[in-house]
There are 2 protein chains.
Amino acid sequence: MTRREQWARVLQENQIKPSYPRLCIYSYLAESKSHPTADEIYLALHDEMPTLSKMTVYNTLNILIEKKLARLISIEEHEARYDANTQLHGHFKCSLCDRVIDFPVQDQYISYDNLKGFDVMEKDIFFRGICPSCKVSGGKA
Amino acid sequence: MTRREQWARVLQENQIKPSYPRLCIYSYLAESKSHPTADEIYLALHDEMPTLSKMTVYNTLNILIEKKLARLISIEEHEARYDANTQLHGHFKCSLCDRVIDFPVQDQYISYDNLKGFDVMEKDIFFRGICPSCKVSGGKA
DNA sequence: TCTAATGATTATAATCATTATAATATTTAA
DNA sequence: TTAAATATTATAATGATTATAATCATTAGA
């Protein structure tokens, strides 16, 4: 089974009909590590799919979020990024190179003493600062 | 010294001239626990200050953020909320009543093993789910 | 006190990502 | 093969925020 077929199967298992545009969008997001914006996805796929509309990108991303196959990363106001990794992890945004980098978060290390009685369904952990390579290069990397 | 005068002093200590609109906006934010949006601040102050413009609210909030007297809470896309509590703490948004509730976060319980070499300057911890009172009332409280 | 000059506030218009709507195309099922 | 359902597209609308420029207030110097 090709990787494409595997992504199609994931969509089907989540009641999303794997149309060609949807499969392209989901594959791109799932194989990307850069947490792209809707616009970046649209631009990246535009070459191989000149008829693709942005509405389809937005529609597909909203369906993926609804079915919990993707998450919206609002680490920056006015910059909606998307991530197909729905496991708990943190996001670090470097203020110099603007890259968003994943980091592991171990749930058991977060204290929940003060959230007794709350049903916690989603967790976002956003850090900002300077990444190691920008500390060396001064952000010019 | 009145509370008003104390907030004015905080502004001055941070090189912000405590004009009447600025003092109103900062006092309101500092004494609020509801993490208001710019629009909510504007509406709340409009009665006692009919000439207030929204631009002043936005300007003042941006100055407060710049001087680290307030933080932008982007727990929800397309809904910029503000918080004058700049100490590390988490925000929980109830999906039923839409309230944003603070919860303590103990920094030492977050594992940083995988952030060696990163300069972490800002931390946002956003949880979503159902709050205890909505669990009882079904969100109708 | 008068007058520049500076800074704060306001009003207006512009921007831009996202959504709404409706039309078109495609797929599905009878 | 046709009708119904669904997906995609094009276009226009929305709405929060920012840009710009004009007005107002405040301060400092003569």
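Values reported hereafter were calculated over all heavy atoms of this structure, with side chains retained and with hydrogens, waters and symmetry mates removed. Order of the sequence lines sets the chain letters (A, B, ...), proteins ahead of strands, with each chain counted from 1.
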Gln87(A), CD: over 12 other non-hydrogen atoms inside 6.0 angstrom: no

Those residues of residues 25-50 of chain B lying under 4.0 Å from DNA chain C by at least one heavy atom: none

Residues touching DNA chain C, which here means a heavy atom under 4.0 Å, drawn from residues 73-86 of chain B: His78(B)

Proximity to DNA chain C (any heavy atom under 4.0 Å), residues of residues 56-64 of chain A only: Tyr58(A), Asn62(A)

Salt bridge (charged side-chain N to carboxylate O under 4.0 Å, His left out) contacts touching residues 59-73 of chain B (sequence neighbours left out): Arg71(B)-Glu122(B), Arg71(B)-Asp124(B)

Derivation of the ring-ring contact (aromatic ring centres under 6.0 Å, His included) call for Phe118(A) and Phe127(B): CA-CA 10 Å; Phe118(A) 288 72; Phe127(B) 287 5; 9.8 Å; no

Could you go over nucleotides 3-8 of chain C and give all protein N or O partners under 3.5 Å, atom names and distances?
{"from": "dA8(C)", "atom 1": "OP1", "to": "Arg22(B)", "atom 2": "NH1", "distance (Å)": "3.1"}

side-chain hydrogen bond (donor to acceptor under 3.5 Å, both in side chains) contacts in which one or both residues fall within residues 17-26 of chain A, not counting sequence neighbours: none

Within-4.5 Å side-chain heavy-atom neighbours: Leu72(B) and Tyr82(B): yes

Residues, nucleotides or ligands: over 12 heavy atoms within 6.0 Å of Arg9(A) CZ: no

Atom-to-atom span, CD1 of Ile65(A) to P of dT18(C) - whole angstrom: 11 Å

Length of the line joining Leu72(B):CG and dT17(D):C1', which is rounded to integer Å: 12 Å

Residues Glu31(A) and Arg3(A) bridged, charged N to O under 4.0 Å: yes

